[in-house]
Structures are given as structure tokens and as C-alpha cells.
Student: 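Structure incoming, see below.
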There are 2 protein chains.
Amino acid sequence: MASSETTTERIDLLREARRQWEKHWGEEPAPSMAAVTTLMRAQQIVMSHLNLLLAPFDLTFARYEALMLLYFTREGSLPLGKIGERLQVHPTSVTSLIDRLERDGYVERTPHPSDRRTTLATLTVAGRNVAGQATQVLNADRFGMDALSTESHEELILLLDRIRETGGDEVAGDLRPD
Amino acid sequence: MASSETTTERIDLLREARRQWEKHWGEEPAPSMAAVTTLMRAQQIVMSHLNLLLAPFDLTFARYEALMLLYFTREGSLPLGKIGERLQVHPTSVTSLIDRLERDGYVERTPHPSDRRTTLATLTVAGRNVAGQATQVLNADRFGMDALSTESHEELILLLDRIRETGGDEVAGDLRPD
DNA sequence: GTCAGATAGTAGGGCATCCGAGTATTTCTG
DNA sequence: CAGAAATACTCGGATGCCCTACTATCTGAC
């Protein structure tokens, strides 16, 4: 109970950072800074958790998302460019994502029937199976979000949507395959 | 106002994904899935924004965080291992982070006075200057979190802290330099 | 005191992401 | 219809992150 400077108690590093911020720059910017660092860290924790759940399927969350995009398509195929649009990642990221999914036999590159510039990523049978199985696991685990009640999920979504809006997180265009 | 299937209206891809989830797997897992994808996307948006703000200083958010850790230290130096603990990143990530900060002249590797295994990362004058300037910019920008009021920042932190707790996001140990 | 085990940092390799550049193809313009 | 511009994808290089070694050093047990 002494003023223990040599303490070995549990310390929350983000709270400590916020304390420093308030000390140096006052109360004003501290909440923003704290919100950002907390967002980063929470994302990192959830991502790690999901990647652990997906590892048995030779998937990462990024690859899982790409797989599900195809899964929801009538034909199980999409042009690589569309995948990038939907996932909001750079075209070159899609190339490497599909490279790995193809390597593991979950998708195949097939030519577009009418546009020879375009390559379609097409779900294989194995890909469809693994997408279904992985989804069972993630759903059963509530995507690692069990710490929050359903109402809290909605609260969180509402708050984060405000951030997404400022990032212009909407996309022009329909949702058809090509 | 017709049922426009050929629509070119603004579409929120995450909302669309949630709709698909509910259609395929019911109401139960959908909020968790939606919360996770929203978390990922919001993090990505904020991170991009911060990296844009920091680009003029030849910094990324990761490097900025490392710099600030040193900035808050009495001597402006920390063992690489401590940096990894505080930032919660792998030791090898610290090596590469410090490599780049050193390349840009913001830190120097200096030997630990008593433990020859240990390398200290020490803030240079340039590093201290850039840390201060970058912080001015980020503070003025409210870390890109202007979409949310201060009260909402606190709400968001509370929600995300619950996620961090399940990730065991506390660290044993004091906060002294070595 | 010596030697095993812990600790600190780095090298090499993999994944995900971005950017710029380059090729192929399609579309548009005059 | 020919050439310019737009579009689709890939390659090479960078950053950031992880993991598995591997080396150097320190600490502690006997």
C-alpha cells in the first residue's frame, strides 16, 4: 500500500498514454487520441482472434472475406476488379489475395466470357465448402465479439458508421457481378 | 422511384453484407459480423487518414507511436524490448520500426550502459522536433475523429475497452525505462 | 565457478497492404 | 477507322506485422 513506484500491478498502456497526453497537451485532444489508439488496439485483438479461428482452414480474415464475396454470388465468380471495389482494397492486393486462394485450391482464375482484359475469380467446390465451414465456426464464436451484448454491437456500429461516413464509405454502382 | 435494379445509387457495402448474413444465417450472428466488419473498416479509414497527415514528416502511425514513446521518457531512450512491450508488437517488428526511424535520423541505436545484450533507441534532436510537430498536426486534426463528439469518444472507448479486456489487454510491470 | 536456461536483439521468410509502372484490351473521339 | 484515353490486371518495391530460428549476453542453480 506504500506508494509503490516499483509496482508490478496490471497497467493499461492506453490509459497511461492518455494520462501523458492530458499532462502535455491538456484535456482537449486527449479523448480523440485515446479513441484512436483504442480503436487500433481493439481491431488488432479482434483480427488476431479471427485469424486464429481461421488458421485451421488455411485462411486469414482477408482471404475469408474474398471467399464470402464469391460465395454470395449466383455463379460463385467475380472479376478481380469488382472484388477490390467490394473489399475496398487496392487492385494489387486483390491479385495477391487471389493468388493465395488459388494456390490453396479455393478459387480458380477463369477468363471473362466477353472482355479479355478481365479475369474472373471462380469459387471451386473446395472453396465453397471451406467458406461454409469457416462461417459456421465464426458464427458460433460470434466473431469474437462476445464481450458485447447485441445492443452494444448496434451502439458500436452506430458510432463507427459516423467515422466511416467521413471516410466517404459508400460506393456508387449496383451489386451485379459485372 | 421504380424498383431500379439497375440502380447507381450510393450503396453501403457493409450494410449489404449484413443483409446477406441475415438472409443466410438468420438474425443471430449478424450483429457480431456487422460489428466486426465495421470495426475493421473504421480502423482502416482512420489509419489511412493519420498516415496521410504524417506523410509530410516521413512518418507512419506506427513510427509515430514509437517516437512518442521515447518522447515521453526522461532520457528520450528505451530498450527495444520495452518498446515492443509498450506498443504490443513483436520484437522483430520493433527492429524494423527502429531501423526506419534510424534511417531517417529520428533515433539512434545506443548501447545499454550495463547490459550488453540490450540496445537503446535514443531520440535525436530531429526526432524530438518531428515528434512535437507531428503531434501538433494530429492534435489539431483531432486524430481524424472529428465525426464524433467528445462524449461519443468516451462511449466508443468504453465499448472497445470491453473488447480489449477479453483480449487480456493489460501488461504486468512498471513503466520505468529499463 | 561453471554450465544450463532465460533474455535481448536480429536475420530470413510469409502475408496484407499500398504505390508506381507496364502490358493488354476495350472504348471513345475526331 | 485510327489513335488517344480509359480500364483490367500484374510486377516490383516499400511498410508493417507475425513466426521461427540464431547469436550474444546475462543469471542463477549447483
Side-chain angles (χ1 to χ4, degrees), chain A residues 40-41 43-52 54-55 57-67 77-104 107 109-121 173 177-178, chain B residues 40-41 43-52 54-55 57-67 77-104 107 109-121 173 177-178:
Chain A
M40 300 292 176
R41 181 71 188 135
Q43 185 270 349
Q44 185 186 339
I45 287 172
V46 172
M47 178 73 96
S48 291
H49 179 71
L50 295 179
N51 282 336
L52 273 181
L54 291 170
F57 302 103
D58 284 313
L59 288 177
T60 60
F61 191 63
R63 295 204 284 263
Y64 172 75
E65 280 189 297
L67 223 45
S77 71
L78 278 177
L80 300 204
K82 277 282 173 221
I83 296 177
E85 277 179 33
R86 305 281 176 83
L87 260 31
Q88 314 233 257
V89 296
H90 197 275
T92 55
S93 300
V94 179
T95 295
S96 97
L97 226 42
I98 298 300
D99 278 351
R100 301 180 208 303
L101 285 172
E102 195 170 27
R103 173 201 62 186
D104 291 342
V107 307
R109 277 182 167 84
T110 53
H112 189 283
S114 64
D115 187 339
R116 280 184 303 173
R117 291 172 303 179
T118 301
T119 302
L120 299 177
D178 44 271
Chain B
M40 300 292 175
R41 183 67 188 137
Q43 186 269 348
Q44 186 187 340
I45 287 171
V46 172
M47 178 74 96
S48 293
H49 179 71
L50 295 179
N51 282 336
L52 273 182
L54 291 170
F57 302 105
D58 284 313
L59 287 177
T60 60
F61 191 62
R63 295 205 283 265
Y64 171 75
E65 281 189 296
L67 224 46
S77 71
L78 278 177
L80 300 204
K82 277 283 174 224
I83 296 176
E85 278 178 34
R86 305 281 175 83
L87 259 32
Q88 314 232 265
V89 295
H90 197 276
T92 55
S93 299
V94 179
T95 295
S96 96
L97 226 43
I98 298 301
D99 279 351
R100 301 179 208 302
L101 286 172
E102 194 171 29
R103 175 201 62 188
D104 290 343
V107 307
R109 278 183 168 84
T110 54
H112 190 283
S114 62
D115 187 339
R116 282 183 301 171
R117 290 171 304 179
T118 302
T119 302
L120 299 177
D178 46 87

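Just so we're on the same page: letters track the sequence lines, and every chain starts at 1.
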Student: Quick one, give me the B/S/- string for nucleotides 10-16 of chain C, reading 5' to 3', where B means a protein heavy atom under 4.0 Å from the base and S means that only happens at the primed atoms, P, OP1 or OP2.
Tutor: BB---SS
Student: What is the 5' to 3' range of DNA chain D, first to last nucleotide, that sits under 4.0 Å from any heavy atom of chain B?
Tutor: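 The protein-touched segment is D:dT15 to D:dC26.
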Student: Provide the closest heavy-atom pair for B:Asp115 versus B:His112 in the form atom of the first, atom of the second, distance.
Tutor: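 Nearest heavy atoms, B:Asp115 then B:His112: N-ND1, 3.0 Å.
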Student: My understanding is that only one of A:Leu67, A:Ile83, A:Leu87, A:Leu80 makes a side-chain contact (heavy atoms from CB on, under 4.5 Å) with A:Leu97; could you say which?
Tutor: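 Considering A:Leu67, A:Ile83, A:Leu87, A:Leu80, a side-chain contact (heavy atoms from CB on, under 4.5 Å) with A:Leu97 is found only for A:Leu87.
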Student: Which atom names give the shortest non-hydrogen contact between A:Pro79 and A:Leu120, and what distance separates them?
Tutor: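 What the structure gives for the nearest pair is N-CD2, 3.5 Å.
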Student: Starting at atom CD of B:Gln44, determine the distance to atom P of C:dC18, rounded to an integer number of angstrom.
Tutor: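 It is 6 Å, rounded to the nearest whole Å.
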Student: Pick the nucleotide of DNA chain C nearest each of A:Arg117 and A:Glu65; which residue has the one closer to the 5' end?
Tutor: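 By nearest-heavy-atom nucleotide position, the 5'-most residue is A:Glu65.
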Student: Closest approach of B:Phe61 and B:Asn51, non-hydrogen atoms and distance?
Tutor: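 Nearest heavy atoms, B:Phe61 then B:Asn51: N-OD1, 2.8 Å.
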Student: Which whole-number value in Å describes the distance from B:Glu85 CD to C:dT7 P?
Tutor: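 Spelled out: CD on B:Glu85 to P on C:dT7 is 11 Å.
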Student: What is the separation between atom CZ on B:Arg41 and atom P on C:dT17, rounded to the nearest whole Å?
Tutor: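 These atoms are roughly 11 Å apart.
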Student: Roughly what angle, to 10°, lies between the helix axis at the start of the helix from C:dG1-D:dC30 to C:dG30-D:dC1 and the one at its end, five pairs per end?
Tutor: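 The value is 10°.
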Student: Could you tell me which residues satisfy side chain to side chain donor-acceptor pair (under 3.5 Å) with B:Arg41, sequence neighbours excluded, listed by chain and number?
Tutor: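 Expected list: A:Gln88, A:Asp169, B:Gln44.
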Student: Considering only heavy atoms from C-beta outward, does the side chain of A:Leu50 approach that of A:Thr60 to under 4.5 Å?
Tutor: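 Sidechains of A:Thr60 and A:Leu50: no contact.
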Student: Yes or no on side chain to side chain contact (heavy atoms under 4.5 Å, CB included) for A:Ile45 and A:His49, after CA distance, side-chain angles and deciding distance?
Tutor: CA-CA 6 Å; A:Ile45 287 172; A:His49 179 71; 5.5 Å; no
Student: Between C:dA24, C:dT17, C:dA8, which nucleotide gets closest to the side-chain atoms of A:Val89?
Tutor: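 Selected nucleotide (nearest to the side chain): C:dT17.
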Student: Under 4.5 Å between any side-chain heavy atoms of A:Met40 and B:Val46, yes or no?
Tutor: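 Heavy-atom side-chain distance check passes, below 4.5 Å.
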Student: Can you sort out the partners of A:Thr95 under side chain to side chain contact (heavy atoms under 4.5 Å, CB included), two or more places apart, ordered by chain and number?
Tutor: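 Here the qualifying residues are A:Asp99, A:Arg109.
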Student: How long is the line joining CD1 of B:Ile98 and P of C:dA8, in whole Å?
Tutor: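 Going from CD1 in B:Ile98 over to P in C:dA8 covers 16 Å.
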Student: Could you tell me which residues satisfy side chain to side chain donor-acceptor pair (under 3.5 Å) with B:Ser96, sequence neighbours excluded, listed by chain and number?
Tutor: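 Scan of B:Ser96 (side chain to side chain donor-acceptor pair (under 3.5 Å), adjacent residues dropped) gives none.
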Student: Output the distance between atom CG (A:Asp58) and atom CZ (A:Arg103), rounded to the nearest 0.5 Å.
Tutor: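 A:Asp58 CG to A:Arg103 CZ: 7.5 Å, rounded to 0.5 Å.
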Student: Could you tell me whether A:Asn51 contacts a base, only the sugar-phosphate backbone, or nothing, with contacts defined as non-hydrogen atoms closer than 4.0 Å?
Tutor: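 The residue A:Asn51 makes no contact with any strand.
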